[in-house]
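Comments concern the structure below.
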Amino acid sequence: MSMGKIHLVDTTLRDGSHAVSHQYSVEQVAAVAGGLDAAGIEYIEVSHGDGLAGSSFNYGRSATDEEELIKAAAEVIKNGILTVLLIPGIGTIEDLKRAEACGAKAVRVATHVTEADTAEQHIRMAKSLGMQAFGFLMMSHMAPPEKVVEQAKLFESYGADFIYVADSAGAMLPDDVRARVGAVVQAVGIPVGFHAHNNLTLATANSLAALEVGATFLDGTCRGLGAGAGNTQIEALVGVLNKVGYQTGVDLYKIMDVAEDLVEPMMHRPQVVRNAPFMLGYAGVYSSFLLHTYRAAERFNLDPRDILTELGKRRMVGGQEDMIVDVAYQLAKQ
């Protein structure tokens with residue numbers, strides 16, 4: 001029985017950038033973007049892991065200027081929609097304009113779950129440029145459903161075409177997903193999506209939970225490549241959705257081949273749930289903190305689990321990567 005159409009966003013070339021220390025080359029991006037497009041992926045996201053203009057000392061410098069990567073993807077994407085991520089305070093209106101000039105057709109404007117108001121100008125600018133605009137609520141486990149709804153409505157009022165609830169820490173259980181995504185679906189008049197991380201090994205289960213309560217957009221990456229323990233593994237997700245009866249328009253064999261033949265050789269290490277990535281989800285810490293935490297732990301001769309636990313206690317959020325070293329220093333003095 002057909003369960004309806006599900007729109008897939010592949011973020012291998014954005015969230016996956018975290019797992020390869022932002023070292024993608026033009027040739028790699030062109031190969032993967034072309035493969036994803038040929039497989040039938042609808043949205044293909046290309047940016048620094050922390051979005052437009054993320055290349056920096058704080059977040060990690062890219063090996064290649066992201067505008068070159070966006071152009072390379074634009075040249076090979078024939079059917080899908082080239083998408084970028086922008087976090088206000090990291091990326092600017094000017095960065096968005098340049099991305100659009102390079103070929104981007106959609107932008108996901110990502111804010112902390114309580115800070116949607118920082119995205120108004122970026123969403124309105126995207127619409128004026130003729131782009132599709134997503135409102136993307138990061139770290140949604142840190143707010144109750146009613147707060148998530150409040151912020152989602154702000155995105156809708158700014159003209160967003162879609163709303164995303166993001167489990168950026170991989171900290172949610174399926175019931176947490178149902179509560180937040182279901183509340184947003186009931187409250188807004190535009191499609192809703194869900195972005196999962198696999199820190200508690202629940203990315204696929206949580207994605208299915210989001211569909212159960214009305215989400216129609218899901219994220220994933222080839223081989224699960226992404227921050228922390230990675231994202232929902234998109235080739236496996238396509239297979240699961242096929243078995244359940246959802247329609248994705250994605251060729252299962254082709255997306256499997258992109259993952260195995262193109263993405264896996266680029267990986268620095270297998271994307272598995274090791275102790276420290278698991279602690280991200282357990283403590284509710286932003287998934288992109290992982291590599292920064294490993295480095296701080298080595299520098300100060302600490303267990304990375306202790307650093308992540310302390311970051312969780314302090315409710316650190318995206319944009320506070322510089323505090324990881326401070327926390328490690330304080331723990332080392334104790």
Side-chain angles (χ1 to χ4, degrees), residues 14-23 47-51 53-62 85 87-91 110-115 118 136-144 147-148 166-173 176 195-203 225-231 268-269 271-334:
R14 196 279 302 170
D15 213 330
S17 180
H18 289 294
V20 298
S21 300
H22 315 292
Q23 299 301 294
S47 308
H48 182 279
D50 289 287
S55 180
S56 63
F57 177 79
N58 258 4
Y59 303 116
R61 296 201 182 277
S62 300
L85 184 91
I87 301 175
I90 299 177
T111 76
H112 185 63
V113 66
T114 59
E115 298 175 358
T118 63
F136 194 92
L137 292 169
M138 299 187 294
M139 300 291 282
S140 291
H141 75 284
M142 294 184 74
K147 187 66 174 181
V148 180
D167 185 15
S168 313
M172 290 191 197
L173 305 179
D176 300 321
H195 174 95
H197 278 264
N198 201 39
N199 299 332
L200 296 178
T201 74
L202 292 172
L225 193 65
N231 300 77
H268 291 184
R269 63 191 64 83
Q271 195 80 63
V272 296
V273 185
R274 301 176 67 217
N275 288 349
F278 170 77
M279 286 300 299
L280 289 167
Y282 189 75
V285 177
Y286 195 49
S287 290
S288 68
F289 281 14
L290 185 62
L291 291 180
H292 301 281
T293 299
Y294 275 138
R295 292 172 186 143
E298 183 176 1
R299 177 178 173 184
F300 293 99
N301 194 29
L302 294 169
D303 188 324
R305 293 173 291 185
D306 291 334
I307 300 174
L308 291 169
T309 298
E310 185 63 24
L311 293 171
K313 289 178 181 177
R314 299 189 186 197
R315 296 177 66 81
M316 295 294 187
V317 300
Q320 294 183 304
E321 282 81 354
D322 57 324
M323 294 298 296
I324 296 171
V325 171
D326 290 345
V327 168
Y329 174 73
Q330 292 168 22
L331 289 175
K333 289 176 60 179
Q334 293 178 4

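Closest of all the heavy-atom pairs between Gly281 and Ala171 is O-CB, 3.3 Å. Contact detail for Gly91 and Ala53: the closest heavy-atom pair is CA-CB, 4.2 Å. When all heavy atoms of Leu225 and Asn231 are compared, the pair lying nearest together is O-OD1, 3.4 Å. The two atoms that bring Gln23 and Ser21 nearest to each other are NE2-O, 2.8 Å, heavy atoms only. The heavy-atom pair separating Ile307 from Ala328 by the smallest distance is CD1-CB, 3.9 Å. For Pro88 against Ala110, the heavy-atom pair with the smallest separation is CD-O, 3.2 Å.
A donor-acceptor distance shorter than 3.5 angstrom exists from the side chain of Arg14 to the backbone of Gly49, with no hydrogens or angles considered. Formation of a donor-acceptor pair under 3.5 Å by the His197 side chain with backbone atoms of Asn199 is not found in this model. With hydrogens and angles disregarded, a donor-acceptor distance shorter than 3.5 Å links the side chain of Asn198 to the backbone of Ala203. One N or O on the side chain of His141 and one on the backbone of Gly284 form a donor-acceptor pair closer than 3.5 Å. A donor-acceptor pair under 3.5 Å is absent between the side-chain atoms of Glu310 and the main chain of Val327, judged by distance alone. Judged purely by atom type and a 3.5 angstrom limit, Ser62 has no side-chain atom pairing as donor or acceptor with the backbone of Ser55. Checked by atom type and distance alone, the side chain of Asp15 pairs as donor or acceptor with a backbone atom of Ala227 at under 3.5 Å.
The environment of CZ in Phe300 is crowded: more than 12 heavy-atom neighbours from other residues, nucleotides or ligands sit within 6.0 Å. Within a 6.0 Å sphere centred on CZ of Arg274, other residues, nucleotides and ligands contribute 12 heavy atoms or fewer. Around the CD atom of Glu298, the shell of radius 6.0 Å holds no more than 12 heavy atoms that belong to other residues, nucleotides or ligands.
The side-chain heavy atoms of Leu311 and Thr293, taken from C-beta on, include a pair separated by under 4.5 Å. Here the side chains of Val148 and Leu137 are in contact, with some heavy-atom distance below 4.5 Å. Contact check for Arg315 versus Met142: side-chain heavy atoms found under the 4.5 Å cut-off. Within the 4.5 Å cutoff, no side-chain heavy atoms of Leu85 are placed close to those of His48. Between Asn275 and Met279 the shortest side-chain heavy-atom distance does not fall below 4.5 Å. In this structure, Tyr329 and Lys333 have side chains that are in contact, with non-hydrogen atoms separated by less than 4.5 Å. When side chains are defined from C-beta on, Val325 counts as touching Arg299, because their heavy atoms get closer than 4.5 Å. The side-chain heavy atoms of Asp167 and Ser140, taken from C-beta on, include no pair separated by under 4.5 Å.
Taking the six-membered ring for Trp, His195 and Phe136 have ring centres closer than 6.0 Å.
Aromatic ring orientation, Tyr286 versus Phe289: perpendicular (interplanar angle above 60°, classes split at 30° and 60°).
In this structure, Thr114 OG1 and Met138 CE are separated by 10.0 Å, a value rounded to the nearest 0.5 Å. In this structure, the separation between CG on Leu308 and CG on Leu302 is 11.0 Å, given to the nearest 0.5 Å.
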- request: Give the intermediate values and the outcome of side chain to side chain contact (heavy atoms under 4.5 Å, CB included) for residues Ile87 and Thr111.
  value: CA-CA 6 Å; Ile87 301 175; Thr111 76; over 6 Å; no
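Considering Asp50, Leu291, Leu290 as possible partners of His18, the one that fulfils the side chain to side chain contact (heavy atoms under 4.5 Å, CB included) test is Asp50.
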